[in-house]
*Asks:* 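Sharing a structure below in structure tokens format, with a few things to ask.
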Amino acid sequence: MAEITGLVLPFFGMILLGYLAAKITRQPAEALGWLNTFIIYVSLPALFFKLVSKTPIEQLTRVDFILANVSATYLVFGLIFVVGLLVRRATVGEATVQGLAAAYGNIGYMGPGLALLAFGEPAAVPVALVFCFENMLHFMVAPALMSFSGGEKRPAAAIAGDIVRRIVTHPFIIATAAGFVAAFLSFEAPAPLQRLIDYLAQAAAPCALFAMGVTLALRPLKRVPAEITYIVPAKLLLLPVTMYLVLGAAGNFDPVWVYTAVLLAALPTATNVFVIGQQYGVWQERASATILITTVLSVATVTILLYLVKSGLLPGDPFP
């Protein structure tokens, strides 16, 4: 347990430091802009490229893993979406954001750093695959469902074009694609370039976690929505359990791949869910509350999950 505490506390400690710094210095939200630019456009892409480019190409084409991962994610999304529509009588737009709150984890800012700390370099490929393909689907699902709700006013062709543009121009996906090409060609970067990539990659996790803490501080909790009672357990408990069972049923994956996918599924709601709600003018304040609450509670749930993995209480294959 001391090993798990030593792993988790510095990680969540960076989020706490960002939160406290924002509360103490009271900088405007705009002050975070350049740090986010560095994280999104420079340091995290460098990390994804570094990890993927050094991976054997056959590991990067595991379609069975990709399908199992997105199936588990969207089983939970579909469940919460239906509950929102039928039980809470939400609109399609509100139910969409609720579903994303339960299925869209903070796999960009938190995922790579924590997975690599917990499981080492073998976690690199599943992290990259989960991030790329889950984000592609989220980019597609949100505008598509919003078009049914009336929140998306543009023609279908414009929506489809925007989805394609967001996918092919996302810095993380571009960096991962470049890593695929480098792995296929067995490309070795010159020493000075590799050193620069290493520096940038090392900065990714601390900067991303600090920025996440600042973001949480800038969106204080004003009220606790009723939907929290089922969205939070779905995000922090149901999704990782579903991921574990689906991966176990789908195939014989390396235990590190299973543990990595489950860990990413257990992460709190992504800040992008608030951005999506804000973009379409639905469920914004409650999305912000969900992000804050899942982040705080994930300190306990992620710690317990890592303890189960490291102690051997959670087998790498649920159906041996």
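Residue numbers start at 1 and run along the sequence shown.
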*Asks:* Atom CD in Glu227, atom CZ in Arg88: separation rounded to 0.5 Å?
*Replies:*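 Going from the CD atom of Glu227 to the CZ atom of Arg88 covers 4.5 Å.
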
*Asks:* Drop me the distance from Leu114's CG to Ile107's CD1, to the nearest 0.5 angstrom.
*Replies:*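 Separation between the atoms: 13.0 Å.
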
*Asks:* Given Leu129, which of Ile66, Val70, Thr61, Val63 fulfils the side chain to side chain contact (heavy atoms under 4.5 Å, CB included) condition?
*Replies:*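 Going through Ile66, Val70, Thr61, Val63 one by one, the side chain to side chain contact (heavy atoms under 4.5 Å, CB included) with Leu129 is satisfied by Ile66 alone.
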
*Asks:* Run the ring-ring contact (aromatic ring centres under 6.0 Å, His included) test on Tyr41 and His170 for me, step by step, so that the C-alpha distance in whole Å, both residues' side-chain angles and the decisive distance to 0.1 Å come before the verdict.
*Replies:* CA-CA 9 Å; Tyr41 289 92; His170 194 290; 8.3 Å; no

*Asks:* List in chain and number order the residues that pass side chain to side chain contact (heavy atoms under 4.5 Å, CB included) with Ala300, two or more places apart in sequence or in another chain; answer none if no residue qualifies.
*Replies:*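 Applying side chain to side chain contact (heavy atoms under 4.5 Å, CB included) to Ala300 gives none.
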
*Asks:* For the residue pair Tyr259 and Pro315, what are the closest heavy atoms and their distance?
*Replies:*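 Closest heavy-atom pair between Tyr259 and Pro315: OH-C, 3.2 Å.
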
*Asks:* Hey, mind stepping through Leu314 and Leu305 against side chain to side chain contact (heavy atoms under 4.5 Å, CB included) and telling me if it holds?
*Replies:* CA-CA 9 Å; Leu314 188 70; Leu305 172 60; 4.0 Å; yes

*Asks:* Quick one: does any side-chain atom of Thr294 pair with a main-chain N or O of Thr269 as donor and acceptor, under 3.5 Å?
*Replies:*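 Checking the backbone N and O of Thr269 against the side chain of Thr294, a donor-acceptor pair under 3.5 Å is found.
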
*Asks:* Shared ILVMFWY cluster between Phe49 and Val168, side chains joined below 4.5 angstrom?
*Replies:*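 Different clusters: Phe49 never reaches Val168 through Ile, Leu, Val, Met, Phe, Trp or Tyr contacts under 4.5 Å.
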
*Asks:* Ignoring hydrogens, what is the shortest heavy-atom contact between Phe48 and Ala128? Give both atom names and the distance.
*Replies:*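 Scanning both residues, the minimum pair turns out to be CE2-CA, 4.0 Å.
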
*Asks:* Atom CG of Leu47 and atom CG of Leu116: how far apart are they, to the nearest 0.5 Å?
*Replies:*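 CG of Leu116 is found 6.0 Å from CG of Leu47.
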
*Asks:* Would you kindly say whether Asn36 and Tyr109 are connected by a side-chain donor-acceptor distance under 3.5 Å?
*Replies:*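 Yes, because at least one side-chain N or O of Asn36 sits under 3.5 Å from a partner of the opposite role on Tyr109.
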
*Asks:* Can you give me the closest heavy-atom contact between Lys23 and Arg26, atom names plus distance?
*Replies:*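 In this case the closest contact between Lys23 and Arg26 is O-CG, 3.4 Å.
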
*Asks:* Give a yes or no on whether Leu267 and Ile304 share a hydrophobic cluster (residues Ile, Leu, Val, Met, Phe, Trp, Tyr; joining criterion: side-chain heavy atoms under 4.5 Å apart).
*Replies:*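 Yes; tracing contacts between hydrophobic side chains, which count when under 4.5 Å, links both residues.
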
*Asks:* Do Pro56 and Gln59 have side chains that approach each other closer than 4.5 Å (heavy atoms only, starting at C-beta)?
*Replies:*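 They are in contact (side-chain heavy atoms under 4.5 Å apart), so the answer is yes.
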
*Asks:* Got a second to check how far Thr5's OG1 is from Tyr307's OH, nearest 0.5 Å?
*Replies:*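 So the OG1 of Thr5 and the OH of Tyr307 are separated by 10.5 Å.
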
*Asks:* For Tyr280 and Thr96, run side chain to side chain contact (heavy atoms under 4.5 Å, CB included): C-alpha distance rounded to whole Å, both residues' side-chain angles, the deciding distance at 0.1 Å, then the answer.
*Replies:* CA-CA 11 Å; Tyr280 294 104; Thr96 298; over 6 Å; no

*Asks:* Does the side chain of Leu263 come within less than 4.5 Å of Phe119's, by heavy atoms?
*Replies:*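 Side chain of Phe119 against side chain of Leu263, heavy atoms only: contact under 4.5 Å found.
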
*Asks:* Hydrogens and angles aside, do Gln98 and Tyr230 bring a side-chain donor and acceptor to less than 3.5 Å of each other?
*Replies:*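 A pair is found: one side chain offers a donor N or O, the other an acceptor, under 3.5 Å apart.
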
*Asks:* Do you know which two heavy atoms are closest between Pro45 and Ile39, and how far apart they sit?
*Replies:*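 Pro45 and Ile39 have their closest heavy atoms at CD-O, 3.6 Å.
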
*Asks:* Are the side chains of Thr290 and Trp283 in touch, meaning some heavy atoms are under 4.5 Å apart?
*Replies:*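 Yes, their side chains come closer than 4.5 Å.
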
*Asks:* So which of Val296, Thr295, Leu292 actually passes side chain to side chain contact (heavy atoms under 4.5 Å, CB included) with Pro268?
*Replies:*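 Answer after filtering Val296, Thr295, Leu292: Thr295.
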
*Asks:* Starting from Phe38, can I reach Ile197 by hopping between I/L/V/M/F/W/Y residues whose side chains sit under 4.5 Å apart?
*Replies:*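 No: no chain of side-chain contacts under 4.5 Å links Ile197 to Phe38.
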
*Asks:* With a 4.5 Å limit on heavy-atom distance, are the side chains of Val8 and Leu117 in contact?
*Replies:*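 No, their side chains stay 4.5 Å or more apart.
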
*Asks:* Would you kindly confirm whether Phe187 and Ile174 end up in one hydrophobic cluster when ILVMFWY residues are joined by side chain heavy atoms under 4.5 Å apart?
*Replies:*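 No, because Phe187 and Ile174 fall into different hydrophobic clusters, even though each may have its own neighbours under 4.5 Å.
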
*Asks:* Could you tell me which non-hydrogen atom of Ala234 sits nearest to which non-hydrogen atom of Ala102, and how far apart they are?
*Replies:*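 In terms of heavy atoms, the two residues are closest at CB-CB, 4.0 Å.
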
*Asks:* Please step through side chain to side chain contact (heavy atoms under 4.5 Å, CB included) for the pair Phe12 and Met110, ending with a clear verdict.
*Replies:* CA-CA 9 Å; Phe12 284 102; Met110 297 179 69; 3.8 Å; yes

*Asks:* Does atom CG of Asn252 have more than 12 heavy-atom neighbours from other groups under 6.0 Å away?
*Replies:*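 Atom CG in Asn252 is not packed in, count stays at 12 or less.
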
*Asks:* Under the criterion side chain to side chain contact (heavy atoms under 4.5 Å, CB included), I'd like the reasoning laid out for Val127 against Leu51: C-alpha separation, chi angles, the key distance, then a yes or no.
*Replies:* CA-CA 9 Å; Val127 166; Leu51 298 177; 5.6 Å; no

*Asks:* CD/Gln194 to OG/Ser53 distance, rounded to the nearest 0.5 angstrom?
*Replies:*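 Here the rounded value is 6.5 Å.
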
*Asks:* Cluster question for you: counting only ILVMFWY and a side-chain heavy-atom cut-off of under 4.5 Å, with indirect links fine, are Val52 and Met136 together?
*Replies:*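 As far as the 4.5 Å side-chain criterion goes, Met136 and Val52 are connected within one cluster.
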
*Asks:* Do His138 and Tyr74 have ring centroids that are under 6.0 Å from one another?
*Replies:*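 Yes, the ring centres sit under 6.0 Å apart.
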
*Asks:* Using a strict threshold of under 4.0 Å (side-chain N to carboxylate O), is an ion pair present between Asp162 and Arg165?
*Replies:*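 Here Arg165 pairs with Asp162 in a salt bridge, since their nearest N and O are under 4.0 Å apart.
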
*Asks:* Got a second to check how far Glu134's CD is from Tyr104's OH, nearest 0.5 Å?
*Replies:*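 Atom-to-atom, Glu134:CD and Tyr104:OH are 9.0 Å apart.
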
*Asks:* Flag the pair Val302 / Ser298 as yes when at least one side-chain heavy-atom distance between them is below 4.5 Å, and no otherwise.
*Replies:*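 Side chain of Val302 against side chain of Ser298, heavy atoms only: contact under 4.5 Å found.
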
*Asks:* Would you say Val97 and Gln278 make side-chain contact, with heavy atoms under 4.5 Å?
*Replies:*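 Val97 vs Gln278: side chains apart.
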
*Asks:* Between Phe131 and Phe172, what is the ring plane arrangement, given parallel below 30°, perpendicular above 60°, and tilted in between?
*Replies:*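 Rings of Phe131 and Phe172: tilted, 30 to 60°.
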
*Asks:* Report yes if some heavy atom in the side chain of Asp317 is under 4.5 Å from a heavy atom in the side chain of Val258; otherwise report no.
*Replies:*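 Of all side-chain heavy-atom pairs linking Val258 with Asp317, none is under 4.5 Å.
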
*Asks:* If you look at every heavy atom in Val282 and Gly93, which pair is closest and at what distance?
*Replies:*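 Nearest heavy atoms, Val282 then Gly93: CG2-O, 3.9 Å.
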
*Asks:* Would you indicate whether the side-chain heavy atoms of Met243 and Leu264 approach each other to under 4.5 Å?
*Replies:*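 With C-beta onward as the side chain, the pair stays apart.
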
*Asks:* Could you walk me through whether Asp198 and Gln202 satisfy the side-chain hydrogen bond (donor to acceptor under 3.5 Å, both in side chains) test, starting with their C-alpha distance in whole Å, then the side-chain angles of each, then the deciding distance to 0.1 Å, before giving a yes or no?
*Replies:* CA-CA 6 Å; Asp198 291 343; Gln202 290 164 10; 5.6 Å; no

